[in-house]
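Owing to the predicted nature of the structure, the values given are computational and were not obtained by experimental measurement. Values below: all heavy atoms of this structure, side chains included; hydrogens, waters and symmetry mates excluded.
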Amino acid sequence: MLPRDERRFKAADLDGDLAATREEFTAFLHPEEFEHMKNIVVLETLEDIDKNEDGFVDQDEYIADMFANEEGGPEPDWVITEREQFSDFRDLNKDGKMDKDEIQHWILPQDYDHALAEARHLVYESDVDKDQKLTKEEVLDNWNMFVGSQATNYGEDLTRNHDEL
């Protein structure tokens, strides 16, 4: 992991002084949020998923990142759906594999708001009465989702007094 972290640190260190400012350290920790770090995110994703090390992610590697069919039985329906997603939406040039541009399109889509998506997910999963509002009880009943969410700063924001809660 050291060479990987060193590469990421050097990419985040915009002034090249080998000391991280607050902004540079934030880029190191959350590279997906910074334009100059997108290539690092793509490269790290490729390195994690590309098991045959050919510089691409094929459909089997894409699926293996999410599902290991250790029992050898039929694939669950969601895996079949993910295979279709790969063919229809991930492999944009239809060559059977994702290159770096396709990986970037997949993991860093231009029109996707991560914070909004996470907030909608929390409300959808926790809003028992489906009134689009969370009560204190709904939050407490689903505390594990909230303390595991980046949207609540991994639960830290729940310990502060908030009128909206």
Side-chain angles (χ1 to χ4, degrees), residues 1-68 79 82-83 85-126 134 139-140 142-165:
M1 293 296 292
L2 191 58
R4 183 176 173 139
D5 283 350
E6 186 175 348
R7 179 180 62 205
R8 185 189 283 200
F9 184 86
K10 285 179 180 177
D13 184 22
L14 290 176
D15 60 12
D17 67 353
L18 298 179
T21 64
R22 180 182 206 108
E23 180 86 1
E24 290 169 339
F25 188 62
T26 303
F28 173 78
L29 292 176
H30 304 286
E32 68 282 354
E33 301 294 328
F34 293 83
E35 190 65 37
H36 72 280
M37 298 292 289
K38 288 186 177 181
N39 288 339
I40 290 291
V41 176
V42 171
L43 180 59
E44 289 176 358
T45 302
L46 180 61
E47 290 173 346
D48 290 343
I49 300 175
D50 180 22
K51 298 305 181 198
N52 66 10
E53 299 180 355
D54 66 350
F56 300 95
V57 173
D58 63 36
Q59 187 180 84
D60 289 335
E61 291 168 330
Y62 172 78
I63 296 299
D65 186 54
M66 298 177 275
F67 174 73
V79 173
E82 281 300 324
R83 286 191 183 280
Q85 287 287 319
F86 182 90
S87 296
D88 295 344
F89 301 107
R90 307 285 183 242
D91 180 18
L92 299 173
N93 64 7
K94 307 300 181 207
D95 65 354
K97 56 193 175 190
M98 285 191 289
D99 58 27
K100 287 180 180 178
D101 289 337
E102 291 165 322
I103 292 169
Q104 182 170 335
H105 188 265
W106 164 43
I107 61 172
L108 299 168
Q110 295 297 322
D111 57 349
Y112 186 75
D113 183 335
H114 292 279
L116 182 59
E118 178 66 7
R120 285 182 177 158
H121 169 71
L122 290 171
V123 171
Y124 177 81
E125 294 295 332
S126 302
L134 295 180
V139 172
L140 293 175
N142 293 286
W143 66 270
N144 56 335
M145 288 185 54
F146 288 88
V147 297
S149 173
Q150 190 174 2
T152 63
N153 198 18
Y154 301 101
E156 188 175 316
D157 291 342
L158 298 176
T159 63
R160 299 184 185 133
N161 286 330
H162 287 282
D163 291 341
E164 66 273 16
L165 295 178

Taking atom CZ of F25 as the centre, report whether more than 12 heavy atoms of other residues, nucleotides or ligands fall under 6.0 Å from it. no

Is K97 salt-bridged to D50, going by a charged N under 4.0 Å from an acidic O? no

Between atom CZ of R120 and atom CD of E125, what is the distance when rounded to the nearest 0.5 Å? 14.5 Å

To the nearest 0.5 Å, tell me how far E53 CD sits from E61 CD. 9.5 Å

Looking only at heavy atoms, which two atoms of P31 and M37 are closest? And how far apart? O-CB, 3.3 Å

Quick one: closest heavy-atom pair of R4 and D48, and the distance? NH1-OD1, 2.7 Å

Would you give the length of the straight line joining atom CG of D15 to atom CD of E24, rounded to the nearest 0.5 angstrom? 4.5 Å

In a table with atom names and distances, give each donor-acceptor pair under 3.5 Å that connects a side chain of residues 6-14 to protein atoms at least two apart or in another chain.
from: E6; atom 1: OE2; to: K10; atom 2: NZ; distance (Å): 3.2
from: R7; atom 1: NH1; to: E47; atom 2: OE2; distance (Å): 2.9
from: R7; atom 1: NH2; to: E47; atom 2: OE1; distance (Å): 2.8
from: R7; atom 1: NH2; to: E47; atom 2: OE2; distance (Å): 3.3
from: R8; atom 1: NE; to: E44; atom 2: OE2; distance (Å): 3.1
from: R8; atom 1: NH1; to: F28; atom 2: O; distance (Å): 2.9
from: R8; atom 1: NH2; to: E44; atom 2: OE1; distance (Å): 2.4
from: R8; atom 1: NH2; to: E44; atom 2: OE2; distance (Å): 3.4
from: D13; atom 1: OD1; to: G16; atom 2: N; distance (Å): 3.4
from: D13; atom 1: OD2; to: D17; atom 2: N; distance (Å): 3.2
from: D13; atom 1: OD2; to: L18; atom 2: N; distance (Å): 2.7

Gap between atom OG1 of T45 and atom CD of Q104 - 0.5 Å precision: 10.0 Å

Do any pairs count as a ring pair (Phe, Tyr, Trp, His ring centres under 6.0 Å) and have a residue in residues 45-66, sequence neighbours left out, and if so which ones? Y62-F86, Y62-W106

Any chance you could measure L43, atom CG, to K100, atom NZ, to the nearest 0.5 Å? 5.5 Å

With the side chain counted from C-beta on, respond yes when E102 and R90 share a heavy-atom pair under 4.5 Å apart, and no when they do not. no

Does K38 NZ have over 12 foreign heavy atoms under 6.0 Å away? yes

Distance (rounded to the nearest 0.5 Å) between H105 NE2 and D99 CG: 11.5 Å

Can you tell me which residue among L108, V57, V41 is in a side-chain contact (heavy atoms from CB on, under 4.5 Å) with I103? V57

